[in-house]
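Structure first, commentary second.
Both ligands and their constituent atoms are indexed starting at 1 by order of listing. Numbering starts at 1 and runs along the sequence shown.
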Amino acid sequence: MPKAVGIDLGTTNSVIAVMEGGKPDVIVNAEGARTTPSVVAYKGEERLVGQIAKRQAALNPKATLFEVKRFIGRRWDEIREEAGRIPFVVKEGQGGGVRIEANGQDLAPEQVSAEVLRKLVNDASAKIGETIRDVVITVPAYFDNSQREATRQAGEIAGLNVLRVINEPTAAALAYGLDKKGNETVLVFDLGGGTFDVTILELGEGVFEVKSTSGDTHLGGADFDQRIVSWLADEFKKDHNFDLRKDPQALQRLIEAAERAKIELSQASETTISLPFITFDPETRTPLHLERTLSRAKFEELIGDLLRRVREPVQRALSDAKLSPAQIDEVILVGGSTRVPAVKRIVKDIVGKEPNESVNPDEAVALGAAVQAGIISGDASLGDIVLVDVTPLTLGVEVKGGMIAPLITRNTTVPAKKTEVFTTAENNQPGVEINVLQGERPLAADNKSLGRFKLEGIPPMRAGTPQIEVTFDIDANGILHVTAKEKSSGKEASIRIENTTTLDKTEVERMVREAEQNASADKARREKIEKRNALDSLRVQALQQIDESAADQALKDRVKALADEAEEATKGDDDARVADVQKRLEDALRELMTASQAQGDAQGQPKQDDDVIDADFKPAD
Ligand code: ADP
Ligand code: MG
């Protein structure tokens, strides 16, 4: 059976890992790197994914898509503000969802994420020599229902079988605790590029039990970068009365420079940001340069309020787990942004403990996902591992007066099932509309509506008489299914929660088809290019042989003519012609080499042979 893999589909970087000889291990990508930037660029007919896409971002700012995870499974009104701060176009889609515009195409965030998944899996398949189909994908623990569902759909669009969607901090804990023997209470602190997650778990004897989880899906290293960008742009505006944020190319360069500066400040106490020719003076048309020094202290000041925002989720997780900071045995740091010294400091300050840095913050999540993939696909080397996870947010229905009636409260162990009985508010009410909500606020309107459905055909009865059973069922992926049943008539209605932000089935099917077509088009394009490259190097080789060969001129002329023909063929679109010229040129070249060798032998010229060369360079006696 082909192997199941674990994928950390990160906001910034993604990682893929597999169980190998009883241990999870990262699979390097085609470029030989252990992490792959979650960046997709559209350029002409081509799609670039990973480092190659990231590298050309400044030249192609409107069609280089990054941090798309911020938009997956979201409603437009949730991300409107963020959408305004990036160089590519994010807009409202049908039904209040989010769409991304790139290269004249309208893309769902799921489709863009699918490209990242496809690259990871294709590269990994090539590396391990097996076609991978089964995957476990991680999501931030604090992802709500639509974000989870959308992530699963991204996997589907990439042609994968998503065995399970698991929480990133839980995965990290699996990687950390795999070889631990005793009992421990750990707090996983995961601060990546776009999201912050904190999870408290109890580990012991193969049982990983999540006690509580909390976080902020709008907080990460990219926000740090953004602060540096704003500072740089404000300073620049003061000096030159020009707003760099209005120029997508300049903005993209600013973002990249800001991230570099931030990373340097994790080591150095000061760094210089230098962006020559960032723009032109609007009046004099002379080039303008940007040069600034940023100290670590200034950086910490710029991100001060962002840093303080990690405190509340940590405290909420502690109180939900009914634990005091002193009861935490280890604090595990995950995510690239935990390398920022001020982040480490604040963690230490909140929990009162030096963080444990034994896991690789970039890889732990993917490694844990690989462990989970191993568990699900029955990898015998793993023994009995039990994973008990929780749902991050309260789920309920809207009731009279616009209030929420919770059915499953946050931090309930999943899978979970709960039924409650509701009734009508009016006499002879023929139906009820059930508005499914997720969130912690008492008023329905302040929470996220995951979807609405109607239960109709209730027989005429006085208000308060019908018994309507509403059942919430959360599966192991943390995805909710809801049913409602009127008891006297047996009328039933159910939905798998699909609201406007998740794609409907036909859309997913269309995207799967498109992605497959794209993939085969990509492959065909690659093959086309490779064939032309092969013919071109044969042409170069032929020209060299003509120069060096001692064969007769007629043959040389023939090869030269074929080389010219090859040059022409590589420029054209005719594949059959490329193949034909390739073959004829190969034959002619072989003839040339044979003839040349025969000529050389006849004329007593040294053969291109080691022995002869040795003889020529014999030391003088
Ligand atoms: P995600 O889970 O969002 O994909 P990662 O865990 O890969 O993210 O973290 C990416 C973030 O970490 C980026 O914002 C990146 O700039 C930041 N980062 C990586 N290395 C460092 C470092 N040495 N110092 C500060 N920030 C870093
Ligand atoms: Mg991450």
Side-chain angles (χ1 to χ4, degrees), residues 6-17 26 29 33-40 50-51 54 57 65-72 82 86 113 116-117 120 137-143 147 151 165-173 175 188-199 215-229 254-269 271 294 296 299-300 302-303 306-307 310 332-347 357 359-369:
I7 298 177
D8 170 7
L9 179 63
T11 310
T12 328
N13 296 300
S14 296
V15 183
I16 184 165
V26 169
N29 63 17
R34 299 173 76 81
T35 62
T36 301
S38 309
V39 182
V40 180
Q51 190 57 40
K54 185 172 176 179
L65 313 180
F66 56 90
E67 289 174 25
V68 165
K69 188 172 170 181
R70 285 178 177 242
F71 308 125
I72 201 163
E82 269 170 277
I86 45 178
S113 294
V116 177
L117 290 171
L120 292 168
I137 306 177
T138 61
V139 293
Y142 220 54
F143 252 26
Q147 293 168 295
T151 303
V165 170
I166 69 165
N167 293 331
E168 286 161 11
T170 311
V188 179
F189 184 101
D190 181 355
L191 189 62
T195 55
F196 169 51
D197 256 339
V198 47
T199 292
D216 186 333
T217 45
H218 277 72
L219 183 63
D223 299 301
F224 299 173
D225 303 346
Q226 205 62 51
R227 289 299 165 86
I228 301 177
V229 168
L254 273 186
I255 294 173
E256 285 169 14
E259 184 186 15
R260 272 197 306 275
K262 171 190 74 176
I263 290 174
E264 270 170 36
L265 290 174
S266 291
Q267 303 294 327
S269 60
T271 183
L294 178 61
R296 190 189 280 177
F299 169 59
E300 290 177 1
L302 292 173
I303 62 167
L306 297 172
L307 286 174
V310 306
I332 322 276
L333 296 183
V334 182
S337 298
T338 59
R339 293 205 175 92
V340 172
V343 170
K344 287 188 197 161
R345 240 176 18 239
I346 197 157
V347 177
E357 295 185 55
V359 304
N360 180 330
D362 299 322
E363 298 180 357
V365 171
L367 295 176

Geometric N/O contact D225 with ligand 1, under 3.5 angstrom:
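No, since none of the N or O atoms of D225 sits under 3.5 Å from an N or O of ligand 1.
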So is there a nitrogen or oxygen of G193 less than 3.5 Å from a nitrogen or oxygen in ligand 1?
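Yes, G193 has an N/O under 3.5 Å of an N/O on ligand 1.
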Which heavy atom of the protein is the closest neighbour of [atom], given with residue, atom name and distance?
{"atom": "atom 2 (O) of ligand 1", "answer": "G192 CA, 4.0 Å"}
{"atom": "atom 24 (N) of ligand 1", "answer": "S266 OG, 2.6 Å"}
{"atom": "atom 9 (O) of ligand 1", "answer": "G336 N, 3.2 Å"}
{"atom": "atom 10 (C) of ligand 1", "answer": "T12 OG1, 3.6 Å"}

Can you sort out which atoms of ligand 1 are near [X], meaning under 4.0 Å from one of its heavy atoms?
{"X": "G221", "result": "14 (O)"}
{"X": "G335", "result": "6 (O)"}
{"X": "G10", "result": "4 (O)"}
{"X": "E259", "result": "13 (C), 15 (C), 16 (O)"}
{"X": "G194", "result": "3 (O)"}
{"X": "R339", "result": "20 (N), 22 (C), 23 (N), 24 (N)"}
{"X": "K262", "result": "13 (C), 14 (O), 15 (C), 16 (O), 17 (C), 26 (N)"}

Quick check: does any side chain N or O of D216 sit under 3.5 Å from a backbone N or O of V310, one acting as donor and the other as acceptor?
no
Is the side chain of R296 donor-acceptor paired with the backbone N or O of Q267 at a distance under 3.5 Å, no angle test?
yes
Under a 4.5 Å cut-off applied to non-hydrogen side-chain atoms, are [X] and [Y] in contact?
{"X": "R339", "Y": "D362", "result": "yes"}
{"X": "D223", "Y": "F196", "result": "no"}
{"X": "V116", "Y": "V40", "result": "yes"}
{"X": "L191", "Y": "F224", "result": "yes"}

Can G220 be said to touch ligand 1, with heavy atoms closer than 4.0 Å?
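Flag not set, G220 not near ligand 1.
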Derivation of the side chain to side chain contact (heavy atoms under 4.5 Å, CB included) call for V198 and V188:
CA-CA 6 Å; V198 47; V188 179; over 6 Å; no
In Å and rounded to the nearest 0.5 Å, what is the OG1 to NZ distance from T217 to K69?
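If I round to the nearest 0.5 Å, the distance is 10.5 Å.
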Drop me the distance from T271's OG1 to R260's CZ, to the nearest 0.5 angstrom.
9.5 Å
Can you figure out which of D190, N13, T35, V340 has its heavy atom closest to atom 7 (O) of ligand 1?
N13
Check whether the side chains of S14 and T36 place a donor and an acceptor atom closer than 3.5 Å, and report yes or no.
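The criterion, which ignores hydrogens and geometry beyond distance, is not satisfied for T36 and S14.
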Location of contacts on S337 toward ligand 1, heavy atoms closer than 4.0 Å:
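Under 4.0 Å from ligand 1, S337 contributes backbone and side-chain atoms.
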